[in-house]
Amino acid sequence: MFSVSFLCFGELTQREKVVKAYSDKIGWREKTGHNDGTNIEYILGTVGLSKGNPWCAAFIYTCFIEAGVKGVPRSGYSPAWFPKSNTYYIRGIRGTPNAQQADVFGLFIKSKNRIGHVGFIDVWGDGSICITVEGNTSLETSGGKKDHDGEGVERKRRLKSQINKLSRWL
């Protein structure tokens, strides 16, 4: 299979490659709902983790690496995506939340007392809602699981006020 973008418009930018990498994975699902299955285990394996581990941060790494981005943390640990050098927004502390496509966002999870879920900003927009693409998530809370501990890769609508941190790697 080939990409029309490559044939008609030349090389994609690095940002476009990241967007393609995460967009191509929308709809990937866990096999049994326990952080498993061929695609999920591939994502986990990129950061050296095995099935059963949370994989939202590994999803970020996988997409960046597939797009050829260098210098990103090879980590399945959500807080690793927010070093001071790349973090331009911390809610209530620093910066303006003016995200670009393929920036990484972090959600503060109270039970973990830290950033406990990460994803990509897909569309920031002018209003109070942004569009994200996230791994290890669901479109809604279901079956006792929170949306930040879901079973697939989803494009979601999130309130910007939910976002605690933003970092830029491109």
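Along the sequence shown, residues are numbered consecutively beginning with 1.
- Cluster membership for Ile115 and Tyr61, using ILVMFWY side-chain heavy atoms within less than 4.5 angstrom, is shared.
- Each of Phe120, Phe105, Phe64 was scored for a ring pair (Phe, Tyr, Trp, His ring centres under 6.0 Å) with Trp81, with one residue passing: Phe64.
- Both Val72 and Val133 belong to a single network of hydrophobic side chains, linked directly or stepwise wherever heavy atoms of I, L, V, M, F, W or Y lie under 4.5 Å apart.
- Residues satisfying the ring-ring contact (aromatic ring centres under 6.0 Å, His included) criterion with Trp55, sequence neighbours excluded, are absent altogether.
- The side-chain heavy atoms of Glu154 and Arg29, taken from C-beta on, include a pair separated by under 4.5 Å.
- Of the charged side-chain nitrogens involved, none lies within less than 4.0 Å of a carboxylate oxygen, so that Lys51 and Glu30 do not count as a salt-bridged pair.
- Hydrophobic clustering, with ILVMFWY side chains joined whenever heavy atoms are under 4.5 angstrom apart, groups Val47 together with Tyr42.
- A donor-acceptor pair under 3.5 Å links the side-chain atoms of Arg91 to the main chain of Ser161, judged by distance alone.
- A donor-acceptor contact shorter than 3.5 Å links the side chain of Gln14 to the backbone of Gly68.
- Counting heavy atoms from C-beta on, the side chains of Thr87 and Ser167 come closer than 4.5 Å.
- Ile60 contributes atom CD1, which lies 11.0 Å from atom CG of Asn136 (distance to the nearest 0.5 angstrom).
- Here SG of Cys56 is found 10.5 Å from CD1 of Ile43. Values are rounded to the nearest 0.5 Å.
- In this structure, NZ in Lys165 is found 7.5 Å from CD1 in Ile93, a value given to the nearest 0.5 Å.
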Side chains of residues 122-129: which donor-acceptor pairs under 3.5 Å do they make with residues two or more places apart or in other chains?
residue: Asp122; atom: OD1; partner: Tyr22; partner atom: OH; Å: 2.5
residue: Asp122; atom: OD1; partner: Gln101; partner atom: NE2; Å: 3.1
residue: Asp122; atom: OD2; partner: Arg155; partner atom: NE; Å: 3.2
residue: Asp122; atom: OD2; partner: Arg155; partner atom: NH2; Å: 3.3
residue: Trp124; atom: NE1; partner: Pro97; partner atom: O; Å: 2.9

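- In terms of modelled atom types and a separation under 3.5 Å, the side chain of Asp103 and the main chain of Gln100 share a donor-acceptor contact.
- Note that CG of Leu107 and CD of Glu134 are 6.5 Å apart. Values are rounded to the nearest 0.5 Å.
- Using a distance-only test at 3.5 Å, with no hydrogens or angles considered, a donor-acceptor pair links the side chain of Lys156 to the main chain of Ser138.
- Val153 and Ile131 fall into different hydrophobic clusters, where Ile, Leu, Val, Met, Phe, Trp and Tyr residues are linked whenever their side-chain heavy atoms come under 4.5 Å apart, directly or through other members.
- Of all heavy-atom pairs spanning Leu49 and Gly76, the tightest one is CD1-CA, 4.1 Å.
- Proximity of a side-chain donor or acceptor of Asp24 to a complementary backbone N or O of Ala21 within less than 3.5 Å is not detected.
- Looking only at side-chain heavy atoms (C-beta outward), Thr38 and Lys31 stay at 4.5 Å or farther from each other.
- Without hydrogens or angle criteria, Arg114 side chain to Ser78 main chain gives no donor-acceptor distance under 3.5 Å.
- Shown here for Pro54 and Leu44, the closest heavy-atom pair between the two residues is O-CD2, 3.6 Å.
- Counting only heavy atoms from C-beta outward, the side chains of Thr46 and Glu66 never approach each other to under 4.5 Å.
- Here Ile163 contributes atom CD1 and Arg158 contributes atom CZ; the two are 7.5 Å apart, rounded to the nearest 0.5 Å.
- Hydrophobic clustering of Ile, Leu, Val, Met, Phe, Trp and Tyr side chains at less than 4.5 Å, counting indirect connections, keeps Tyr88 apart from Val118.
- His117 has its side chain within reach of Thr137: a pair of non-hydrogen atoms, C-beta onward, lies under 4.5 Å apart.
- None of Leu166, Asn164, Ile90, Val104 except one satisfies the side chain to side chain contact (heavy atoms under 4.5 Å, CB included) rule with Phe82; the exception is Val104.
- Here Asn35 contributes atom CG and Glu151 contributes atom CD; the two are 8.5 Å apart, rounded to the nearest 0.5 Å.
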